[in-house]
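Sharing a structure here in structure tokens format.
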Amino acid sequence: MIHMTTADAPHELWEGDVNEAAIEEWKADTTTFDRIRHVSDVTTKPQAASEIAERAQVSEPTARKYLSILAETGRVKVINTESGTRYMRAPQMLAMKRIAAIHREHSKSEIRDSIRDLKTELNSFQKQYDVADVDELTLELEPGDDGWQDITRWQQIEQNLEIAQAALSLYDFDPDDSHAAAARVADTSRVTGSHEYGTLSDDSERSTA
Amino acid sequence: MESSTDIEGKVGPLDETAVEQIRDEFTTLDGLVIEAGFDSLLDPTKLVVRLDDGIGDAESCRFDVRWYQTGYYNFHHTDEQDINFRFDYHPKPDAPKRHFHNPPDAPSEHPQRSCITVTEPRQVTRAVHSLWRRAYETNSLTQLNEAENPP
């Protein structure tokens, strides 16, 4: 989970406004496709191609072209409305990335332990506030109240629980027997002995640490 | 000091994808970054970024970063000299949503307006890093929330 880096340090400070410099340097270090991907990956509400284009600092036709490509690969969700096409990130992209990361680093029993701990914490919130779910508590709070940290935590627990439960269910999901296939074509011992990992872990992203 | 988020309104759960972008951005921006990762994969609550040097006498420092699905965020700096400051964006009564908690203590009350106005995770990370980097190179905490360079 900890990623080592070998990048060299840039020492030049910016000139002018730090916000303008942040945008200009991001543009200089990326392609137009990178920027559409960066922006669409954090788009949590439907937006028009023109809005995404503006955020990504690309032209609208370029945005439209790349958003279609990302939609085809399942990374972006397309929503057709009366006022035109809207785009947002696809939930399956988020879920699969997280499940793959968990399969890469955690055993089945670690996932089970985590599910148990998260459920215990959830139950203690329900008892503490005497409400059935987090939405009920949200309605009771005013801005500035204590308790907003707990709402954030509660929502986080629910989301982590769903992901952990899905990661556990899919731990051995391998209809094409890809593990055996990988062991046949690769001559590394790690692949053949990899039953400690979940089947959705992606070797290309495994940390080498 | 324990990492405090100072949340006083609805921010929603952590956005792991945004946090991954921030991790990748930090690691490519500065060779002083020696570690950058989630505190946990099964129950992620924050990104921890460790740097191998710090401002002034500090020999290392750390950013604890949270980015929420609403687009709100906390970037919290701390080091072994106990210098704390935070660039935040979230609802807070009697304060601008985008605000800066001053060093050395980053008190919760009366934060200033933040000089960071960009909104994408990678852009905000670049701005926070630039502002930190200037403080590091000039050995000074006084200009941390000053957008113009030279000020």
Side-chain angles (χ1 to χ4, degrees), chain A residues 1-11 13-23 25-26 29-30 38-39 41-42 44 55-56 89 93-94 97-98 101-102 104-106 110-111 113-115 117-118 138 141 143-146 148-149 151-153 155-160 163-164 167, chain B residues 5 7-18 20-21 23-24 26-45 48 67-71 91-94 115-127 130-131 133-134 137 146-150:
Chain A
M1 101 189 65
I2 300 295
H3 290 246
M4 303 298 287
T5 176
T6 52
D8 288 313
H11 292 276
L13 294 175
W14 73 102
E15 277 182 24
D17 181 274
V18 75
N19 296 288
E20 285 164 26
I23 292 171
E25 287 165 18
W26 177 58
D29 289 347
T30 49
H38 293 170
V39 166
D41 276 357
V42 295
T44 56
R55 290 167 59 205
R89 66 182 179 188
M93 181 275 288
L94 300 181
K97 274 174 77 175
R98 288 199 59 193
I102 290 169
R104 217 160 42 231
E105 307 278 349
H106 289 287
E110 286 168 336
I111 299 174
D113 288 349
S114 175
I115 290 173
D117 293 347
L118 289 165
T138 308
L141 289 184
D145 277 359
D146 292 341
W148 286 105
Q149 301 252 28
I151 296 231
T152 295
R153 177 62 194 151
Q155 291 173 324
Q156 188 72 52
I157 293 169
E158 288 189 343
Q159 198 166 296
N160 292 347
I163 293 290
Chain B
T5 53
I7 296 303
E8 295 172 74
K10 196 174 182 180
V11 298
L14 202 69
D15 189 334
E16 286 85 11
T17 306
E20 281 175 4
Q21 290 191 3
R23 176 196 68 200
D24 295 349
F26 255 120
T27 50
T28 52
L29 277 174
D30 204 312
L32 288 173
V33 174
I34 48 172
E35 285 179 13
F38 286 102
D39 55 343
S40 158
L41 282 177
L42 285 162
D43 185 16
T45 65
V48 179
W67 192 287
Y68 302 96
Q69 285 167 17
T70 45
K92 184 170 173 62
D94 307 318
C115 74
I116 297 175
T117 56
V118 284
T119 53
E120 302 299 324
R122 288 176 188 265
Q123 296 168 2
V124 175
T125 305
R126 280 172 184 263
S130 293
L131 294 162
R133 188 82 205 185
R134 179 176 60 186
E137 289 182 14
E146 171 62 61
E148 289 296 317
N149 192 63

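Lettering follows sequence order; numbering is per chain, from 1. Below, each value reflects all heavy atoms present in this structure, side chains not excepted, and no hydrogens, waters or symmetry copies.
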Exercise for the section: Give the intermediate values and the outcome of side-chain contact (heavy atoms from CB on, under 4.5 Å) for residues D29(A) and R126(B). Expected result: CA-CA 12 Å; D29(A) 289 347; R126(B) 280 172 184 263; 3.0 Å; yes
Problem - Backbone of Q69(B) reached by a side-chain donor or acceptor of T44(A) within 3.5 Å - result: yes
Exercise for the section: Heavy-atom pairs under 4.5 Å with chain B are the metric here; pick the option from H38(A), Q155(A), K97(A), R153(A) that has the most. Expected result: H38(A)
Practice task
Decide yes or no for L42(B) and I111(A): does some side-chain heavy atom of the first lie under 4.5 Å from some side-chain heavy atom of the second?
Solution key: yes
Problem - Main-chain N/O of C115(B) paired to N19(A) side chain as donor or acceptor, under 3.5 Å - result: yes
Handout entry: Contacting moiety of T45(B), where chain A heavy atoms sit under 4.5 Å
Key = side chain
Handout entry: chain B contact via I151(A) - side chain, backbone, both or neither, heavy atoms under 4.5 Å
Key = neither
Handout entry: Under 3.5 Å: donor-acceptor pair, side chain of Q123(B), backbone of W26(A)
Key = no
Practice task
Pick whichever of A18(B), G71(B), P150(B), G12(B) has the most heavy-atom pairs under 4.5 Å with chain A.
Solution key: G12(B)
Problem - E146(B): partners by side chain to side chain contact (heavy atoms under 4.5 Å, CB included), with sequence neighbours left out - result: R134(B), Q143(B), E148(B), P151(B)
Practice task
Go through R89(A) and D15(B) one step at a time and tell me if the side-chain contact (heavy atoms from CB on, under 4.5 Å) criterion holds.
Solution key: CA-CA 12 Å; R89(A) 66 182 179 188; D15(B) 189 334; 2.9 Å; yes
Practice task
Search all heavy atoms of A22(A) against all heavy atoms of A127(B) and return the closest pair with its distance.
Solution key: CB-N, 4.1 Å
Completion exercise
One should read off an interatomic distance between R98(A) CZ and F38(B) CZ, to the nearest 0.5 angstrom, of 7.5 Å
Completion exercise
Value for CG (L14(B)) from CD (Q159(A)), rounded to nearest 0.5 Å, stands at 8.5 Å
Problem - Closest heavy-atom pair and its distance - L13(A), S130(B) - result: CD2-O, 4.4 Å
Problem - Main-chain N/O of L131(B) paired to W14(A) side chain as donor or acceptor, under 3.5 Å - result: no
Practice task
Answer with side chain, backbone, both or neither: which region of T138(A) has an atom nearer than 4.5 Å to a non-hydrogen atom of chain B?
Solution key: side chain
Problem - Pairs of heavy atoms under 4.5 Å with chain B: top-ranked of E20(A), R55(A), E158(A) - result: R55(A)
Handout entry: Distance, nearest 0.5 Å, that separates CG of D41(A) from CD of Q21(B)
Key = 6.0 Å
Practice task
Mark yes or no for whether E16(B), through its side chain, and L94(A), through its backbone, hold a donor-acceptor pair below 3.5 Å.
Solution key: no
Handout entry: Distance, nearest 0.5 Å, that separates CG of N160(A) from CG of L41(B)
Key = 10.5 Å
